[in-house]
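Both ligands and their constituent atoms are indexed starting at 1 by order of listing. Here the structure is a predicted model, which means the values were calculated and not measured.
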Amino acid sequence: MFEQSRLNLARWFTLSMGSILVVFAGVLYLWEARGRLYFFDQALYNSSQVIASGVEEVTYGNQRRIDLEDAPILGSDAIKLDTNIIFARWYTPEKALLQFMGDIPAPTLDAELGFQTLHDHGSVSANNLRQLTLPVYRDGQMLGYLQVAASLNPVTLPLQQLRLFLGLGLPVALATIAFAGWLLGGRATQPIRLAYQQLQQFTADASHELRAPLAAIISNAQLGLMKPTSPAEQADCLKTISEAGESMSTLVGHLLFLARHQGQLPPEAFQPTDMVVLLASIAADYTSSIAAQELHFEVSLPEGTALVQGEPGLLRQAIANLLDNACRYTPAGGSIRLIGQLQPRWVCIRVEDSGSGIPAENLPHIFERFYRVDKERSRQAGGVGLGLAISRQIVELHGGQIKATSQMQQGSQFQIRLPLATPMPD
Ligand code: ADP
């Protein structure tokens, strides 16, 4: 699926970029060709004007004649003209040939006036010639027609080179674009691939977690149905079914929570929350249950208020998850501390215990969904591996940070930092 998307991305990228490149190359070529031809025509026209300026009209007796002796290129007395003119011809006003230089022309003028390109002109080294035919007037009177032609090589040769360059360069550029498209496609699909993998893993983990209580429910229900059992055995079956149902309900609750609070909280969910009051209330809730586990509970809260913009219910749950874990992984006789501290911009909440600790290699993963250091022990203790993931999600929704440190057999320390609604002056 991802390879197909990557291929499609690369294909569309190559197609769009390639079309732009081809159009750009075409426009560049036409622009260059037109520009070169324009300047070439200008030069040819200027040469024709120089030749025409040397043509004179003389009168012998009462006969008018055209004298071309002084006309450059056509006349023998003329100064040499430094041009690449291949041929020049002079025609009378009646279009009869009078004089020429270069190829032998037709006796009468049959070409159209203006510029023309003569292709495959065999008599000279150049294949193509540019020909200009124009009438020459003096004092309002027509003297005749001048026709000149020059080799188009100065225009065609550089254009040939440009065509060669574009012809070779375009496939190379297209191949490079295709390769870049392939690489970019890979990079673009990488986050989606990762998210998809995470989703797959999450679904697999969730299904796996649901399978055990489901199996317990099914087997106990079948057991209850199969043979007549004593009321005590039946009660056992029902108890297991009820426990499995409860565990499933907790898990589904956690999953729903994670799904519902993905992304951002609506702005109206945030309200000014005094963390000192909230921590005191949480501490009061836990005092008796911690004492019942024969654990020592120490609470240290700052003076005054610590206002944060937050959803009190969610913040309570984030801290309660840490306290639940501290109770779960600290053996009787140990101690748990709940500490609140004020910093200039943050309120810092610490939950410390003297429990089993977390191995250093597992520490970076404990906030991942369904991650448990010791699956069996955690399951027995009633954990599904989502508590810390939920705490982290809540803290991040509030723009805060959560981190953990731990030493084996000495205990673990969890710290939440939440930004204060009104930072204290430094
Ligand atoms: P669980 O529901 O299994 O406790 P959590 O996400 O809350 O899942 O915690 C992930 C894992 O981190 C736990 O399985 C446990 O191995 C470890 N852990 C969390 N808190 C503590 C703690 N205070 N002491 C020791 N291990 C802990």
*Ser412 near ligand 1 by a heavy-atom separation under 4.0 Å*: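 Yes; Ser412 lies near enough to ligand 1 that a heavy-atom distance drops under 4.0 Å.
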*Mind checking whether Asp353 has a heavy atom under 4.0 Å from ligand 1?*
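It does, in that a heavy atom of Asp353 comes within the 4.0 Å cut-off of ligand 1.
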Residue [X] vicinity, atoms of ligand 1 by number, heavy atom under 4.0 Å:
{"X": "Arg328", "value": "1 (P), 2 (O), 4 (O)"}
{"X": "Ile366", "value": "10 (C), 12 (O)"}
{"X": "Gly385", "value": "1 (P), 2 (O), 3 (O), 6 (O), 8 (O)"}
{"X": "Phe414", "value": "20 (N), 23 (N)"}
{"X": "Arg372", "value": "3 (O), 14 (O)"}
{"X": "Leu386", "value": "6 (O), 8 (O)"}
{"X": "Gly387", "value": "5 (P), 6 (O), 7 (O)"}

Do [X] and [Y] have ring centres separated by under 6.0 Å?
{"X": "His398", "Y": "Phe270", "result": "yes"}
{"X": "Phe87", "Y": "Phe100", "result": "no"}
{"X": "Phe115", "Y": "Tyr45", "result": "no"}

With heavy atoms under 4.0 Å as the rule, classify the contact between [X] and ligand 1 as side chain, backbone, both or neither.
{"X": "Tyr371", "answer": "backbone"}
{"X": "Ile358", "answer": "side chain"}
{"X": "Asp324", "answer": "neither"}

Check [Y] with [X], please: is the shortest side-chain N to carboxylate O separation under 4.0 Å?
{"X": "Asp41", "Y": "Arg130", "value": "yes"}
{"X": "Asp285", "Y": "Arg316", "value": "yes"}
{"X": "Arg392", "Y": "Glu368", "value": "no"}

_Charged tip of Lys403 within 45° of Phe414 ring normal and under 6.0 Å_ =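 Verdict for Phe414: no cation-pi partner in Lys403.
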*asked:* Tell me whether Arg163 forms a cation-pi arrangement with Phe165, defined as NZ or CZ under 6.0 Å from the six-membered ring centre and within 45 degrees of its axis.
replied: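 Checked: cation-pi criterion not met.
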*How many angstroms lie between CD in Gln413 and CD1 in Ile339, if you round to the nearest 0.5 Å?*
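It comes to 9.5 Å.
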_Would you compute the distance between atom CD1 of Ile241 and atom CG of Asp236 and round it to the nearest 0.5 angstrom?_
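CG of Asp236 is found 11.0 Å from CD1 of Ile241.
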Counting only nitrogen or oxygen atoms and a 3.5 angstrom limit, does [X] reach ligand 1?
{"X": "Val373", "result": "yes"}
{"X": "Leu388", "result": "yes"}
{"X": "Ser356", "result": "no"}

